[in-house]
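Following: one structure in structure tokens, then a few remarks.
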Amino acid sequence: MWAIVLFMLVGGVPPRPVISPAASSCVRCHLQLEGDLLEPARLFEHDVHFKRGLSCNACHGGDPTVGVDTGGPGDAMNRAKGYIGRPPRKKIAALCASCHSNLDFMRTYNPQARVDQYAEYLTSVHGKKYVAGDPNVATCTDCHGIHGILEVAAPNSPVYATNVATTCARCHADPKRMQAYSIPTNQFELYSGSVHAEALMKNNDLGAPTCNDCHGNHGAAPPGLESVANVCGQCHSVQWDLFDKSPHKKAFAEGNLPACATCHENHDIHRTSDAMLGVDENATCVTCHDKGSKGYTVAAEMKSGILDLQNRLETARQLLQRAERAGMEVSGPLYNLSEGRDRLIQARVVVHGFDAPALLKVLEEGNKIAASCKESGDKALDELSYRRKGLAVSVAILLVMICLLLIKIRRLGK
Ligand code: HEC
Ligand code: HEC
Ligand code: HEC
Ligand code: HEC
Ligand code: HEC
Ligand code: HEC
Ligand code: HEC
Ligand code: HEC
Ligand code: HEC
């Protein structure tokens, strides 16, 4: 009760009386109607509210017990009984929040229900501009639908991971709708070509982010983050921790540059390669570090160290494979080689400390493994050629013996 009174004081509407949809006169009558009047009742069958036993009056008010068997439409859609008709756009968020921000009410349906959507929404650019009367920003129904609202976990819900980008793009990729604002409309296009979209859409990797994972479902940023620019560390924590201790941390903060997006972009994130590192024309490092500076020297060192390890591992791999094909037993060193490759992968992560000695340590471990694999490969090939020589000698001796034997047989025959 108190919660409801408090809610009315802060401007909310208390939840409406509950009636089963099948018994609801609203549903029964509207199913007989046509067009825009039928559509809500038809869609409602799949709606999460319908499934929870709520009916049209949950949002529109009115009296769902009369109007079909007794009385007429005017008795059901009765303003005196709280009927509000079609809610104006600027009142929709508060309407949804009248239940969704009411802890006591929501917990009777789901003990784990979250009730912070509206509060979070009010902190976002969408919510702030909505409250100020901007009709173009997103409100609850733009992302969830109006009638036929689905559970967010349903794969065909507009906020399901694989559908979110298209839901946001309906506005953010529409130049007409976004005309009044000074922001780009290319986020969807850029995101769609990113390594993240590829992982999510093609490989069905639900761990890869889409728009709301970085921008939050309802808020300005996901919970626990001051800024969207910090979101990368939630998933790429190792690179984040390394960056945090690196000389770039302070330098980027002073230049007001984001940690990861400065080198990787935010929407247009692509698979990385060694080409990003070093002092070649296309490397990211030379956009800031000029020849002769410490950063330039270190960038070149890091690149050549990584390429060097890669070459050594490749040489060892070729040797071991030749030996293996010739039938030598090299499974041990081949296994060690994969550990060497792990060091190479690790080195590309450790790059993010921008600390030459730390990288060198990993590279040295890798080089040691590469050297011992190469040694095993050399040994196996040496042994192979030794065995081959031995074989040739034994074959020669055997041939001589056979010849002698033939001569002996012929003599005996005579
Ligand atoms: C006996 C039939 C009947 C019943 C019962 C009925 N409606 Fe309607 N409803 C109509 C008709 C006809 C219209 C279109 C004419 C009008 O707006 O009055 C309509 C229109 C509406 C509209 C659109 C109003 C607008 O301004 O565009 C809403 C919303 C609505 N009904 C909700 C409800 C709800 C909620 C209930 C149950 C409490 C309900 N209806 C019960 C027949 C019915
Ligand atoms: C979860 C809240 C909610 C429920 C439940 C709900 N509606 Fe609505 N309805 C809305 C909102 C919000 C709008 C206004 C949409 C807009 O203006 O874009 C609306 C609009 C309408 C309209 C006007 C549609 C138009 O295109 O002009 C009708 C008619 C209507 N609802 C009927 C119903 C009926 C019948 C039911 C039950 C079968 C129902 N609604 C259940 C939220 C709800
Ligand atoms: C910009 C799009 C957007 C807007 C606006 C929006 N939502 Fe959501 N909503 C989402 C996304 C995305 C999710 C999360 C889906 C998931 O978890 O996979 C979500 C989840 C939810 C959930 C499920 C529980 C939860 O918190 O995860 C509820 C309930 C909900 N929203 C209600 C609302 C209400 C009420 C409003 C208006 C105050 C609103 N939403 C506005 C996109 C939006
Ligand atoms: C009369 C109260 C009430 C109103 C008004 C209401 N809802 Fe709901 N809504 C619920 C209940 C109850 C559930 C089921 C919650 C659960 O089981 O976790 C629900 C579920 C949802 C879900 C699914 C959440 C999930 O976890 O999958 C979404 C999305 C949602 N509502 C959006 C809206 C939007 C958008 C509006 C406004 C147009 C709205 N609701 C208005 C009571 C309401
Ligand atoms: C109904 C249209 C609509 C939908 C749907 C929508 N947005 Fe928006 N969004 C807007 C408008 C309009 C603005 C205001 C732009 C401004 O003020 O710069 C905005 C602002 C934003 C901003 C702030 C931009 C800035 O100014 O820095 C972000 C971030 C954002 N939206 C992300 C999203 C995400 C993520 C989704 C999907 C989950 C989404 N939006 C869905 C219309 C929409
Ligand atoms: C990997 C994380 C990530 C994903 C995924 C992502 N964004 Fe962003 N987005 C960002 C970051 C970081 C910024 C810059 C924020 C800042 O500077 O505060 C940004 C900025 C924006 C802006 C502000 C205008 C601009 O272009 O700079 C909008 C609008 C926006 N994103 C919408 C979207 C939409 C729509 C999607 C999905 C199609 C999306 N974002 C996907 C991280 C992401
Ligand atoms: C929700 C988790 C999540 C967030 C947030 C996230 N990523 Fe990712 N990221 C992934 C996953 C998962 C992959 C792996 C895709 C694959 O390899 O198929 C990935 C891949 C990458 C790659 C490609 C790695 C490679 O192997 O070349 C880069 C670069 C990247 N992310 C950078 C970022 C940046 C920068 C941000 C912040 C703007 C960010 N990510 C935010 C989950 C996330
Ligand atoms: C100063 C530029 C720079 C910054 C800042 C930066 N990266 Fe990188 N990142 C690189 C380079 C260069 C590579 C490629 C290394 C290679 O393959 O030799 C890379 C590779 C990656 C990869 C793929 C290799 C791996 O580590 O698994 C991921 C993922 C990644 N970065 C994420 C991030 C994240 C998250 C941040 C923010 C904490 C970040 N990066 C900040 C330059 C940068
Ligand atoms: C956006 C600009 C920017 C990019 C891109 C960038 N750096 Fe830096 N870096 C800086 C700034 C600013 C400093 C602070 C010290 C300075 O001015 O050299 C710094 C410092 C360093 C330092 C420490 C130098 C010292 O004096 O101890 C190293 C090492 C370094 N960067 C390596 C790299 C490498 C490797 C790359 C490419 C993967 C790279 N940086 C890309 C801006 C950048």
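Atoms within each ligand, like the ligands themselves, are counted from 1 in listed order.
- The 12-atom threshold is not exceeded at NZ of Lys374, counting heavy atoms of other residues, nucleotides or ligands nearer than 6.0 Å.
- Interface atoms of ligand 2 facing Ala41, defined by a heavy-atom separation under 4.0 Å, are 38 (C).
- The nearest heavy-atom contact from the protein to atom 24 (C) of ligand 2 is Asp36 O, 4.2 Å.
- Listed by chain and number, the protein N, O or S atoms at a distance under 2.8 Å from atom 8 (Fe) of ligand 3 are His144 NE2, His218 NE2.
- Asn256 CG: 12 or fewer foreign heavy atoms inside a 6.0 Å radius.
- Among protein heavy atoms, the minimum distance from atom 35 (C) of ligand 3 is reached at Cys96 CB, 3.7 Å.
- In this structure, atom 33 (C) of ligand 2 lies nearest to the protein heavy atom Pro40 CB, 3.5 Å.
- Around the CZ atom of Arg388, the shell of radius 6.0 Å holds no more than 12 heavy atoms that belong to other residues, nucleotides or ligands.
- Using a 4.0 Å cut-off between charged nitrogen and carboxylate oxygen, Asp142 and Arg89 count as a salt-bridge pair.
- Heavy-atom contacts of His126 reach the following atoms of ligand 3: 1 (C) (cutoff under 4.0 Å).
- The nearest protein atom to atom 18 (O) of ligand 2, hydrogens excluded, is given as Ile146 CD1, 3.6 Å; this is a heavy-atom distance.
- Using a cutoff of 4.0 Å between basic side-chain nitrogens and carboxylate oxygens, Lys368 and Glu364 are not scored as salt-bridged.
- The presence of a protein heavy atom under 4.0 Å from atom 15 (C) of ligand 1 is ruled out.
- Ser25 and Thr65 get closest at one heavy-atom pair: OG-N, 4.1 Å.
- The pair Asp174-Arg170 does not meet the salt-bridge criterion, since no charged nitrogen lies less than 4.0 angstrom from a carboxylate oxygen.
- Heavy atoms of Thr139 approach ligand 3 to within less than 4.0 angstrom.
- Remark: Glu39 engages Arg42 in a side chain to side chain donor-acceptor pair (under 3.5 Å) (not counting sequence neighbours).
- Under 3.5 Å, the side chains of Gln310 and Glu314 contain no donor-acceptor pair of N or O atoms.
- Side-chain N or O atoms of Thr123 include none that pairs as donor or acceptor with a backbone N or O of Gly219 at under 3.5 Å.
- With sequence neighbours excluded, the residues that form a side-chain contact (heavy atoms from CB on, under 4.5 Å) with Val137 are His126, Lys129, Tyr130, Asp134.
- The aromatic rings of Tyr121 and Tyr118 lie parallel to each other, their planes meeting at an angle below 30°, with 60° marking the opposite boundary.
- Shortest contact from atom 22 (C) of ligand 1 to any protein heavy atom: Tyr83 OH, 3.3 Å.
- Near Tyr118, the atoms of ligand 3 lying under 4.0 angstrom from a non-hydrogen atom of the residue are 38 (C).
- Nearest to atom 12 (C) of ligand 3 among the protein's heavy atoms is Asn212 ND2, 3.4 Å.
- At a threshold of 4.0 Å, the pair Glu383-Arg387 counts as salt-bridged, since one of the basic side-chain nitrogens sits closer than that to a carboxylate oxygen.
- The atoms of ligand 3 that sit less than 4.0 Å from any heavy atom of His100 are 29 (C).
- Scanning the protein heavy atoms around atom 27 (O) of ligand 2, the nearest turns out to be Arg86 NH1, 2.9 Å.
- Under 2.8 Å from atom 8 (Fe) of ligand 1, one finds the following protein N/O/S atoms: His30 NE2, Met77 SD.
- Within 6.0 Å of the CG atom in Asp36, the count of heavy atoms belonging to other residues, nucleotides or ligands does not exceed 12.
- The option with the heavy atom closest to atom 13 (C) of ligand 2, from among Pro87, Gly148, Ser98, is Pro87.
- Here is the list of ligand 1 atoms found below 4.0 Å of a heavy atom in Asp63: 38 (C).
- Taking both residues in full, the closest heavy atoms of Leu95 and Pro87 are given as CD2-CG, 4.0 Å, listed atom of the first, atom of the second, then distance.
- Ring planes of Phe50 and Phe44: perpendicular class, angle over 60° (limits at 30 and 60°).
- Taking 2.8 Å as the criterion, His147 counts as a coordinating residue of atom 8 (Fe) of ligand 2, since one of its N, O or S atoms falls below it.
- Residue contacts with ligand 1 include Gly61, since one of its heavy atoms falls under 4.0 Å from the ligand.
- For the pair Asp241 and Lys245, the salt-bridge criterion is not met [side-chain N within less than 4.0 Å of a carboxylate O].
- In this pair, His215 and His267 present their aromatic rings tilted. The plane angle is within the 30 to 60° band.
- For atom 1 (C) of ligand 2, the nearest protein heavy atom (residue, atom name, distance) is Cys59 SG, 2.7 Å.
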